[in-house]
Amino acid sequence: MIKQTFLSALLMIGVFTTLGVDLSTLPSVDSLKCLRSSGHTFLIGRAWRSYGAFDPNIVQTLANGITAGYSESELGVYMFPCYSTTKTP
């Protein structure tokens, strides 16, 4: 019984998984097209660097993603919190 439950859980994991990519550098359109054709269904790009600065590559990364065939709902960003800086009014 335990073996059957474990195998069922493994099958469900395989059914509900998706493949994506997390990028911290500017990718080319061709690279993103290659990822897209290889089954990567979403793209997450870095928008804020770990030392507390905006990543200027994110705008072009997202634009390249659109050009490569990703829809807006398949694109996202991630941001590192920066605890060493403070916001001043």
>> Using the side chain to side chain donor-acceptor pair (under 3.5 Å) criterion, which residues pair with S71? Sequence neighbours excluded.
In response: S73, E74

>> Holding to side chain to side chain contact (heavy atoms under 4.5 Å, CB included), I want the full list of residues that pass it with Y78, two or more places apart in sequence or in another chain.
In response: D22, S24, I44, R46, F80

For residues 26-35, which side-chain N or O atoms pair as donor and acceptor with protein atoms under 3.5 Å away, sequence neighbours left out?
unit_1, atom_1, unit_2, atom_2, d
S28, OG, S31, N, 3.0
S28, OG, S31, OG, 2.9

> L75, L23: one ILVMFWY side-chain cluster at the under-4.5 Å cut-off?
Replying inline: yes

>> Between M79 and F42, is there shared hydrophobic-cluster membership here, with clusters defined by ILVMFWY side-chain heavy atoms closer than 4.5 Å?
In response: no

> What are the two closest heavy atoms between A47 and V77, and how far apart are they?
Replying inline: CB-CB, 3.8 Å

Report, one line per pair, each donor and acceptor closer than 3.5 Å where one atom sits in a side chain of residues 56-63; sequence neighbours left out.
unit_1, atom_1, unit_2, atom_2, d
Q60, NE2, N64, OD1, 2.7
T61, OG1, N57, O, 2.9

> Quick one: ring pair (Phe, Tyr, Trp, His ring centres under 6.0 Å) partners of F54, sequence neighbours excluded?
Replying inline: none

> What heavy-atom pair brings T41 and Y70 nearest, and what distance separates the two atoms?
Replying inline: C-CE2, 3.9 Å

